[in-house]
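See structure below.
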Amino acid sequence: MSYIPHTDADREAMLKAIGVDSIEALFDAVPEKHRFPVLDLPDPMTEMEIAAEMEALSRFNVSASDYAIFLGAGAYHHYIPSLVNHMLLRGEFYTAYTPYQPEVSQGTLQAIFEFQTMISRLTGMDAANASHYDGATALAEAVTVAMAAHRDKRQKVIFSPTIHPHYREVARTYHQNRAVKFSGDRSGTATMVDLADMIDDNTAMIAVQYPNFLGQIEDYTEIIKAARAHGTLVCIVTDPVACALLKSPGELGADIVVGEGQGLGIPMSFGGPYLGFFAVKNEHVRRIAGRIVGETVDGDGRRAYVMTLRPREQDIRREKASSNICTNQGLMALAACVHMTAMGKQGMRRVAELCWHKAHYAAQEIGKLKGFSVDTTRPFFKEFVVTCPKPVSEINDELIYHFGIIGGYDLGKDFPTRENQMLLCVTEMNSKDEIDMLVAGLRAIAAGELHDGDHHHHH
Amino acid sequence: MENSTPQPLEKTSYELSQPGRQGIRLPDPDVPLTDIPADLCRTDLDFPEMGELDVVRHFIKLSQFNYSIDKGFYPLGSCTMKYNPKINEDMARLPGYAHVHPLQSQGTTQGALALMYRLQEWLCEISGFDAVSIQPAAGAHGEFAGILMIRKYHIDRGDVKRTKILVPDSAHGTNPATTSMAGLQAIELPSDKNGDVDLDVLRKACEQHKEELAGMMITVPSTLGVFEEHIVEIIKIVHEAGGLMYMDGANMNALLGVAKPGELGFDVMHYNLHKTFSTPHGGGGPGSGPVVCNEKLAPFRPGPVVEIIEEPQDEDDAPLYGWVMPDKSIGRLKAFHGNFGMHVRAYAYISAYGSDLPKVTHYAVLNANYIRARLKGTYLMPFDRMCGHELVIEGHWPDKAPGVHALDISKRLMDYNFHPPTNYFPLIVPEALLIEPTETESKEVLDSFIEAMLKIAEEAQNNPDLLHSAPHITPVKRVDEVKAAKDLVLCCRPTHIESAEAQ
């Protein structure tokens, strides 16, 4: 019976104590007509069989452990120091639950407190919460905070078209029955100046992404000036890896900073679990959803940590809570906490610099290729846009088949004006050899030199 | 300022930091360098600087301040703290799952898609529903999906006035919060003296809000740990008033192979994979909250979802799996496809039991009723009836031990090396203690917990101070929650202030 320890003798003794003669008798309250339906499930499996089957199934996936990857677009292949996984596998962390009982949860609580601190420092904000489901849902909840900050008197929220398309979609899903009007991103071509012009006295919040979905670092001066003039909150969606090198969103003038923390020690894992982070200036702390850990003392006057500002939350405030969020990404916050601590001040910056140098090297080399052009109108961090001589999906098929390379993101899918444009991502994980192979591959594909039997990689 | 700095159990990483110390080393760039314009860069990052061993010791030390399932019995009601099999962790870390990018092409991710598809099929079979989306990231997220689906279903039929959701007063806080978050209004229904929905109250509410009734949210078995006797009748009443029925699936550990919510007449429910299917709770997530529904609501599911795009040509072939957006979808609820790592673990867990899955529920309910039978007579119980997978008792003796509260019992349990049950929930039971043992605990463990509970009941009368001052053996004593909220310290002090103070 897999993970059930009862012997027959145990079961009989327990039934006797309860005063019934069979397990079935425990379920008399369930309507007889619907009681004990058949479950059409496979035969039970042993651990050995499960491992064999699931390992075999996993081989039907192409993974970044066997292939060079240049795909980013919101999920990134960054280095995860070995110790991160070792800490996550401590049963004391991963088999505990939300730290409702602080006396027996100081480990989780202090780790979250340190996580909040590092997120606050990276983003240049005053405080951060314990996490959200992911970057997209964090942005959706930022809209709620901004609406509440204006006491629901403002209806307009402006999104830059260069925010991740999934994030903008999720925010719309969240607020579909509420009086929020989203604008700014529909045409897909609005510039920062256009967006600044759209800000008015009915605008609760403007959100931009930094670096943006296309990897670029945009100039937010006009937007921030206009937002200040109209009392509009500025939300910056950011990449925490970039924040170790670039000016913090707080320094740029953000009121709220959200983003995806997957790049901080969390594997890509086909899209989740990831880590939404949420940081704010002090004046908005009491409006954040989710868990927040604060410092206090215990009965003996020793330093201790505890979940605080609890009356904001669903289990106490019920229908008046601003969000229903409770459990979210605790263990992922721990992963990020361990990762950031192990990388430390120097390592964090080093990773960001490696991304910068490698991405720029790749962009320069690809820019030299006939038929390809790289968008260099704005500075970029680890991602950049390449206009290709062929449809991106065709290029990607050839890259994987002939070179063992997972190619970039097809921007034509989300931006009609960007057909044949590929978003490439280069991180510290991509060696010069891999980059050179990508460049050689793109050259060969553009020249139509490849034949079905050619395999240039040896994985 | 405080008179003295409180002593920490373990210094923070900021306090352990030494300028110039380095943890993980990274290679030198192997490409020609490109200038990084100084005006784009930050000048400083206030981050800890620690050696690798010091980092490891720091987190190991922190881990030792935690209670966990791997350490002992964790009967936290409504959370289903069962054993988290180790093999599941290994499976989720296989490179073919852990290092796959979510935006890779369909052709390069057939293994992941097949796994998700099979899990989707199992979740439908177990619940008796027709369709599913495994995108929601947590139970609350799945609830949100379900309520948005109900609302969109009504709007799609032109029935736009339906904005009210009935919620029993015994419900999880997420239910009314979800309703508000979805832009609808929650109407609270008082329970009857048995903790069930009062049918007369329900009929009146349905009549009163007939034109505006969007649906009802209910937990089965209820949060009081009992199976609602009139569930089929309740569903009928709400359906007749034009509302849809949402089942909060938090307590599915009491229903596996015992009843299928879809067959009972529910329209939609969410699962908590981290409860019922043992994906770890992780100190507060990540979870996963798939939403399952009948044909009526299937077009409204969040997406994309995995479907078979091409049936296999012959028996030896595999089908081709791919992403499909349900045609009237409420939209995307999360970037990418959901908490895939949790799907892998749940897949491994369900594979282990397979057709034996009902035994999970049988033994979970056996364990809960065993505790109930043995605590009866010593502890007050709001209802004298068989319970589901959890039981609610009252943590007080107004006559025999005035001044002792449920919280005192909880804290004293820590001295006996047990994690306390859930305190003060459900709200409608005075001094509630909600105890959920799960099926993975042996009779010996239950017996020692019961002994501790009986001993604490004696102490409550003979030596109540022992309870008031508990816990005594934990890393910290009871903490000052008022101070935490009043003084609001949410970050470590900056390192440069620490060093300035030290001088």
Side-chain angles (χ1 to χ4, degrees), chain A residues 2 5 10 14 18 29 42 44 58 60-65 81 90-92 94-98 103-104 106-108 117 127 133 136 166 169 173 177 267 269-273 294-296 298-299 303-304 308 314-315 318-319 321 324 327-331 342 344-345 350 357 360-361 432, chain B residues 6 8 23-24 26 29-31 34 46-47 62-63 65-70 94-96 98-100 102 108 110-111 137 140 173-174 176-178 183 186 227 280-286 331-332 335-337 339-341 352 354 370 373 442-443 474 476-477 479 483-484 489-492:
Chain A
S2 297
D10 291 338
M14 292 166 78
I18 297 167
S58 79
F60 287 91
N61 299 321
V62 162
S63 94
S65 5
R90 296 294 299 194
E92 295 90 333
Y94 87 85
T95 75
Y97 198 26
T98 305
E103 298 86 350
V104 288
Q106 285 298 305
T108 294
T117 306
Y133 305 132
H166 287 184
E169 214 179 314
T173 303
N177 297 330
S269 195
F270 202 43
E295 186 186 306
T296 186
D298 77 350
R303 190 199 290 166
T308 193
Q314 49 77 28
D315 51 333
R318 298 178 78 85
E319 75 277 5
N324 70 353
T327 292
N328 48 87
Q329 307 298 110
L331 198 69
K345 181 177 178 158
R350 196 60 187 265
H357 293 306
H360 284 76
Y361 170 70
K432 180 170 179 294
Chain B
I24 301 299
L26 290 144
D30 56 356
V31 296
T34 305
D46 183 27
F47 251 48
L62 291 185
S63 77
F65 303 145
N66 272 3
Y67 195 88
S68 64
I69 300 171
D70 282 358
L94 287 172
H99 302 303
V100 180
T108 64
Q110 284 297 303
T174 49
T178 297
F227 197 92
H281 284 73
R332 177 182 278 289
F336 313 119
H337 327 300
N339 282 347
F340 176 72
Y370 179 66
S442 67
K443 181 169 176 292
T474 49
V476 294
K477 299 286 173 57
V479 309
K483 176 181 162 58
V489 177
L490 305 178
C491 288
C492 307

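Values in this document were obtained by computation on a predicted structure and should not be read as measured data. Chain letters run A, B, ... following the sequence lines, proteins first and then strands; every chain starts at 1. These numbers come from the heavy atoms of this one structure, side chains and all, not from hydrogens, waters or symmetry mates.
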I'd like to know which of [options] tops the heavy-atom pair count under 4.5 Å against chain B.
options: A/T95, A/N177, A/V62; result: A/T95
options: A/P267, A/A136, A/P273; result: A/P273
options: A/L331, A/T296, A/N61; result: A/N61
options: A/P81, A/G294, A/G271; result: A/G271
options: A/Y94, A/F60, A/F270; result: A/F270
options: A/E295, A/E169, A/R318; result: A/R318

What's the spacing between [X] [atom1] and [Y] [atom2] if we round to 0.5 Å?
X: A/T173; Y: A/H166; atom1: OG1; atom2: NE2; value: 11.0 Å
X: A/T108; Y: A/E92; atom1: OG1; atom2: CD; value: 10.0 Å
X: A/R350; Y: B/I24; atom1: CZ; atom2: CD1; value: 13.5 Å
X: B/N66; Y: A/Y97; atom1: CG; atom2: OH; value: 14.5 Å

Least distance between heavy atoms, [X] atom then [Y] atom:
X: B/K443; Y: A/D10; result: CD-OD1, 3.9 Å
X: B/T34; Y: A/Y361; result: OG1-N, 4.5 Å
X: A/D298; Y: A/A304; result: N-CB, 4.2 Å

Out of [options], which one racks up the most heavy-atom pairs below 4.5 Å with chain A?
options: B/A335, B/G341, B/G183; value: B/A335
options: B/G23, B/P8, B/G282, B/A186; value: B/G282
options: B/L490, B/T474, B/T174; value: B/L490
options: B/A484, B/G283, B/P29; value: B/G283
options: B/P95, B/G354, B/P102; value: B/P102
options: B/A177, B/A373, B/P280; value: B/A177

**OP:** Go through the steps for A/H360 and B/V31 under the test side-chain contact (heavy atoms from CB on, under 4.5 Å), then give the verdict.
**Re:** CA-CA 9 Å; A/H360 284 76; B/V31 296; over 6 Å; no
**OP:** Identify which part of A/T308 has an atom lying under 4.5 Å from any heavy atom of chain B, answering side chain, backbone, both or neither.
**Re:**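 It is the side chain, since no backbone atom gets that close.
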**OP:** Answer with side chain, backbone, both or neither: which region of B/L94 has an atom nearer than 4.5 Å to a non-hydrogen atom of chain A?
**Re:** side chain
